[in-house]
Amino acid sequence: MELAKAYNPKDVEARRYDWWDKQGFFKPEAQRYLDPNEKQFVITIPPPNVTGTLHMGHALTLAIEDLMTRYARMKGARTLWVPGTDHAGIATQAIVEKKLEKAGKRRRDMSRSDFLEEVWEWKDYSHKVITQQCKAMGISVDWQREAFTMDDDRSHAVMTAFKQLYDKGLIYRANRMVNWDPVQLTGVSDLEVEVAEDGEPGFLWTIRYPIETNRWDGPRHEWGSGRWAEGATEWITVSTTRPETLLGDTCIAVNPEDDRYVMRVACHAYVPCAARRIPIVADKHVDPSFGTGAVKVTPAHDFNDYEIGVRHQLPFVEVMDEHARMNAEAGPYAGLDRYACRKQLVADLEKEGLLVKVEDYMVRLGRGQRSGAVIEPRISMQWFCNMQGMGKAATDAVRDGRMKIVPERFERTWFHWLDNIRDWCISRQLWWGHQIPVWYVSPELSAVSHEPSRPTQYCEVSEAAAYAKAIADWGPDVRLLRDTDVLDTWFSSGLWPFSTLGWPDVNHPDFKAYYPNAMLETGYDIIFFWVARMVMLGIELTGNIPFDTVYLHGLIRTADGKKMSKSRPDKMIDPLELIDTYGTDAVRYFLVTAGAPGNDIKMDARKEGGKWRSDRMEGARNFANKLWNATRFVLTKIENEKLKIENSSALQATNLPDRWILTRLNQTIADVRRLSDEYQYGEAGKLIYEFIWSDYCDWYLEMSKLSLNLPVLVHVLDSALRLLHPFMPYVTEELWQALKEVASGKWQVAGGEYPSLMLAAYPKVDEAVLGAQGSALADMALLQETIRAIRNVRSEYKVPLEKRIPAILSAGAAAAMLSEQREAIAMLARVDAAAFHIAENVPAPDQCVTAALGEITAYLPLAGLVDVSAERARLSSELEMTINLISRSETLLASDFVKRAPPAVIEKERAKLAELIAKREQMQIQLTKLS
RNA sequence: GGGGAUGUAGCUCAGUUGGUUAGAGCGUUGCGUUGACAUCGCAAAGGUCACAGGUUCGAGUCCUGUCAUUCCCA
């Protein structure tokens with residue numbers, strides 16, 4: 001295989017992905033390398049919503065999860081990653097409605113089934129786009145196990161889960177106050193209401209209500225006449241941010257401790273306009289410091305007031321309809337929108353002399369997560385799921401260590417939320433979703449006589465089953481009507497890790513083999529929406545935690561640190577665009593190494609010429625290219641040496657660079673494995689980068705040009721490709737295939753038995769190599785320092801690259817080792833081999849530039865090039881720095897440090913001091929020579 | 001009101017049991033292109049680790065407080 005001069009991702013990616021997929025390599029059954037000591041790895045994709053296309057957050061999720069999956073697979077764990085998508089109830093319905101609106105159609109003019117047909121069509125389109133994007137990311141999911149939250153199997157799981165919870169009494173129906181979205185016309189859960197941190201600009205109105213007295217017992221004039229409160233002498237004044245709700249007031253509450261109002265308790269006031277006679281009650285939840293200390297209470301339109309209403313057995317007067325328009329109860333304001341009513345009512349209050357004052361006020365408004373509409377608390381009939389017991393089970397799982405959350409700090413959030421969990425409103429007044437599997441006996445349609453002893457409501461997994469039960473109770477003429485509500489989309493997501501594996505069929509081979517999952521990986525922003533619900537429902541329905549570990553990643557932010565929100569499409573980045581520019585491997589490498597676990601990632605992307613650019617992705621792309629070219633070099637060497645090699649596969653590390661690179665390789669393997677096992681992928685990725693670029697390319701490859709050890713050269717490259725594969729799957733696979741083609745049969749190390757790198761074994765530490773390293777690391781460090789010191793001097797004195805210079809090394813104990821590496825030093829530091837002397841102890845010559853490195857001193861006779869005074873200045877300042885370090889070290893060694901610090905640390909410090917002292921002496925000698 | 005996170009080089013960020021002169025990439029400066037790679041090489045400059053205390057032989061790392069930015073919950 002001939003490799004291009006530079007890595008071009010487009011030549012590789014689609015072709016490789018298709019090949020992996022067609023060969024079936026993503027399936028657990030296809031694995032070649034299995035290590036019996038590795039625990040199987042099962043993970044289920046967080047199903048993307050079929051609302052359109054994927055964004056950077058999805059790309060991050062996929063990059064991390066594919067890394068986890070490929071790493072586990074190569075380590076020899078039986079590995080399954082299940083893909084799928086989510087129907088995303090409200091979000092998808094809203095998108096389709098908007099789309100229809102553009103075509104002049106409205107949902108309410110259509111039949112339910114016609115509308116759903118439109119949604120399914122959209123779902124197919126979105127699903128296709130998402131699938132393509134997932135494939136572009138290179139994810140190794142088992143496509144044959146793909147699921148959708150509303151496909152037949154998942155729907156069956158949802159119906160079954162509902163029925164099981166219903167039968168246990170954990171799901172119930174109640175007429176209660178819920179968060180109502182007056183735009184989408186549905187109830188939503190607490191989690192779907194968003195409140196701006198500092199509130200939104202609004203007003204606080206202070207209004208007085210006339211109090212009933214002996215001389216005045218209510219208004220005698222029309223509202224709006226300006227004489228409505230005529231005759232009233234006593235008043236109670238309240239503050240509110242929502243004056244229009246006063247039409248539904250059924251009491252006024254004060255704090256029982258509040259001296260200003262105690263005498264008013266048990267009196268009655270009259271509601272402006274409505275003229276309803278309402279009591280003044282004492283309730284200890286009233287905050288005396290808010291407003292006037294007295295509050296109006298509207299039990300049907302406010303959560304706090306609802307509680308007060310229940311406590312004091314007040315009437316619940318609804319004054320608004322589902323669109324948040326005033327209803328008949330609102331009298332003259334009936335038919336007005338809540339805000340139009342507010343405006344009109346305030347004007348009328350003023351006219352009647354009831355408005356005391358208006359102040360600017362920051363109002364904490366709840367808004368619907370999807371619609372942005374101001375949420376209206378509203379009493380309505382809804383289905384709820386009791387969370388008490390499930391919440392406790394979910395906290396217990398973490399508390400007793402059965403389930404781990406990474407990073408650990410999210411455990412606190414976990415406990416706090418679950419310990420205070422409230423019942424979950426699971427019904428939605430939508431069309432797109434799982435219709436609630438409850439059927440009611442229809443009195444109108446049924447030709448049966450009603451008896452109160454017979455059940456009127458059936459929860460079954462299918463209509464047929466419901467009818468079977470109903471007919472048994474009522475006879476064949478009974479007619480049932482299905483509940484029209486659908487379930488919160490998170491209800492089906494909450495079953496995901498087991499509904500995708502065949503549950504409720506507990507004998508399904510996938511469920512038996514792969515449940516519970518090993519890992520759940522997602523962004524921390526849906527820890528409550530999704531993760532908590534899966535854990536609670538998983539424990540309740542399967543009796544087992546759904547996964548052992550939860551790994552939470554951070555959020556992708558824009559360059560200015562803001563959330564990437566759909567309301568600012570100019571800031572949204574399409575991952576495909578970046579893939580197009582830099583290649584998938586670069587995008588993935590960036591994403592997994594950009595930050596630490598759980599921390600947000602600020603994109604460094606900027607728009608340039610209409611295209612997104614990212615410096616960090618460019619760096620990652622360059623890395624892929626570096627590896628590409630290093631491999632090209634190795635392949636050339638193999639080709640050149642072909643005839644000489646025969647079948648020698650022995651890894652013999654004879655010289656220093658070989659021993660060193662093998663040691664570094666094994667250190668890297670150990671660290672990368674350790675870090676990856678701790679989910680520190682960023683650090684692991686950086687170590688591989690450093691190893692490949694700095695150690696292998698910059699040093700080993702260069703030195704191999706002098707003395708070639710092909711088996712080692714190939715082995716290290718092979719290992720590096722394996723190490724990097726989970727991070728950069730495409731380029732590594734492509735290069736590994738090329739390497740295998742040329743090297744296999746000659747080197748076992750190239751893994752000829754594996755058809756793909758993704759099925760090859762992840763490198764393991766070779767203890768023998770680490771045991772036999774001897775002084776390789778220290779020697780190589782000395783060698784590198786020596787070469788760098790000479791290069792440094794050359795650079796400082798601007799000696800041209802082509803000029804070979806003479807050099808004298810006074811190397812002490814390192815003389816023998818450096819002599820062996822004489823040629824390497826000469827090549828890498830551009831020293832004139834004919835004028836290169838290395839000895840244990842060389843007296844300082846005249847007219848030299850000196851580079852002192854502790855025990856080793858390099859003298860570079862650069863006659864003519866060197867300005868003596870400049871060299872003196874350079875040496876003096878370096879000497880000064882050395883002296884400072886010596887005194888610091890001496891002070892430390894004279895302190896309690898020697899009594900308390902561990903011996904190894906003290907030893908290190910002593911060796912450092914000795915080196916510094918030697919360095920100081922050399923420089924002093926040289927300075928006197930130059931004077 | 002409660003809880004969390006962040007504050008380290010010009011920029012973006014690493015730094016997990018406390019232990020060399022605190023690291024990387026990008027950017028900057030200087031030098032360098034015929035042999036793997038200019039998507040490159042070599043060298044350099046650049047940081048009182050937000051601030052103030054404390055614990056310790058030793059603190060970017062642990063504790064307390066302050067300030068700034070930010071997120072979640074009520």
So A:Leu578 and A:Met617, do their side chains get closer than 4.5 Å, heavy atoms only? yes

Pair assignment for B:rU55, Watson-Crick or G-U wobble, requiring both distances under 3.5 Å: none

Atom CZ of A:Arg888 with >12 non-hydrogen neighbours under 6.0 angstrom: no

Please report the distance separating the C1' of B:rA52 from the corresponding atom of B:rA38, rounded so that it comes out in whole Å. 50 Å

Does B:rG7 have a Watson-Crick or wobble mate here (both distances under 3.5 Å), and if so which one? B:rC67

Base, sugar-phosphate, or nothing for A:Lys686, non-hydrogen atoms under 4.0 angstrom? sugar-phosphate

Gap in Å between the two P atoms, one belonging to B:rG10 and one to B:rG19, rounded: 25 Å

Just call it for A:Ala594: base, sugar-phosphate, or nothing, with non-hydrogen atoms closer than 4.0 Å on any strand. sugar-phosphate

Would you call the rings of A:Tyr689 and A:Trp693 parallel, tilted or perpendicular if under 30° counts as parallel and over 60° as perpendicular? tilted

Give the rounded distance in Å between these two atoms: CD of A:Glu408 and C1' of B:rG4. 14 Å

With a 3.5 angstrom cut-off on both distances, give the Watson-Crick or G-U wobble partner of B:rA24, or none if there isn't one. B:rU12

Just by distance, with hydrogens left out, do A:Ser189 and A:Glu192 show a side-chain donor and acceptor under 3.5 Å apart? yes

Which value, in whole Å, describes the distance between the P atoms of nucleotides B:rU56 and B:rG41? 49 Å

With rounding to whole Å, what would you report as the distance between B:rU6 and B:rG15 at their C1' atoms? 15 Å

Respond yes when some side-chain nitrogen or oxygen of A:Arg412 is under 4.0 Å from OP1 or OP2 of B:rG4, and no when none is. yes

Round to a whole Å and report the spacing from CD1 of A:Ile421 to P of B:rC72. 19 Å

Measure from CD1 on A:Ile527 to P on B:rC71 and round the result to the nearest Å. 18 Å

Quick one: do the A:Asp190 and A:Asn179 side chains pair a donor with an acceptor below 3.5 Å? yes

Could you check how far CD of A:Glu411 sits from P of B:rG3, rounded to whole Å? 18 Å

Does A:Thr395 use its side chain to pair, donor to acceptor, with the backbone of A:Lys392 at less than 3.5 Å? yes

B:rC51 versus B:rC37 - spacing of their P atoms, nearest Å: 47 Å

Check every atom of B:rC73, B:rG19, B:rC57 against the side chain of A:Arg900 and return the nucleotide holding the closest atom. B:rC57

Give one of base, sugar-phosphate or nothing for A:Asn884, where a contact means two heavy atoms less than 4.0 Å apart. nothing

Which is more 5' along RNA chain B, the nucleotide nearest A:Lys912 or the one nearest A:Asp600? Just name the residue. A:Asp600

Between B:rG25 and B:rU8 - C1' atom distance, rounded Å: 15 Å

Are A:Lys705 and A:Phe633 in a cation-pi contact, defined as NZ or CZ under 6.0 Å from the six-membered ring centre and within 45° of the axis? yes

Looking at CZ of A:Phe727 and CZ of A:Phe623, how far apart are the two atoms once the value is rounded to the nearest 0.5 Å? 10.0 Å

Check: A:Val714 main-chain N/O paired with A:Asp718 side-chain donor or acceptor under 3.5 Å: no

Over all strands shown, is A:Ala596 touching base, sugar-phosphate only, or nothing at heavy-atom distances under 4.0 angstrom? sugar-phosphate

Establish, with yes or no, whether the OP1 or OP2 oxygen of B:rU12 is under 4.0 angstrom from a side-chain nitrogen or oxygen of A:Lys602. yes

Find the distance A:Glu192:CD to B:rC73:P and express it as a whole number of Å. 12 Å

So which nucleotide does B:rU17 pair with, by the Watson-Crick or G-U wobble rule with both distances under 3.5 Å? none

Without decimals, in angstroms, what is the distance between A:Asn420 CG and B:rG1 P? 18 Å

Taking the side chain of A:Tyr524 as its heavy atoms from C-beta onward, which of B:rC73, B:rC71, B:rU21 lies nearest to it? B:rC71

To the nearest angstrom, how far is A:Arg409 atom CZ from B:rC71 atom C1'? 11 Å

Output one letter per nucleotide in nucleotides 34-45 of chain B: B when a protein non-hydrogen atom lies under 4.0 Å from the base, S when only the sugar-phosphate is that close, - when neither is. --BB-BSSSSS-

Sugar-phosphate, base or nothing in reach of A:Arg606, heavy atoms under 4.0 Å: nothing

On a whole-Å scale, what distance lies between the C1' atoms belonging to B:rG7 and B:rC49? 10 Å

Which is more 5' along RNA chain B, the nucleotide nearest A:Val193 or the one nearest A:Tyr689? Just name the residue. A:Tyr689

Which nucleotide, if any, forms a Watson-Crick or G-U wobble pair with B:rG1, using both distances under 3.5 Å? B:rC73

Report the base-pairing partner of B:rG30 (Watson-Crick or G-U wobble, both distances below 3.5 angstrom), or none. B:rC42

CG of A:Asp671 versus P of B:rG15: gap in Å, rounded? 15 Å

Atom P, compared across B:rU39 and B:rA59: separation rounded to whole Å: 46 Å

May I ask you to establish whether A:Arg176 and A:Trp424 are in a cation-pi arrangement, using a distance under 6.0 Å from NZ or CZ to the six-membered ring centre and at most 45° from the ring axis? no

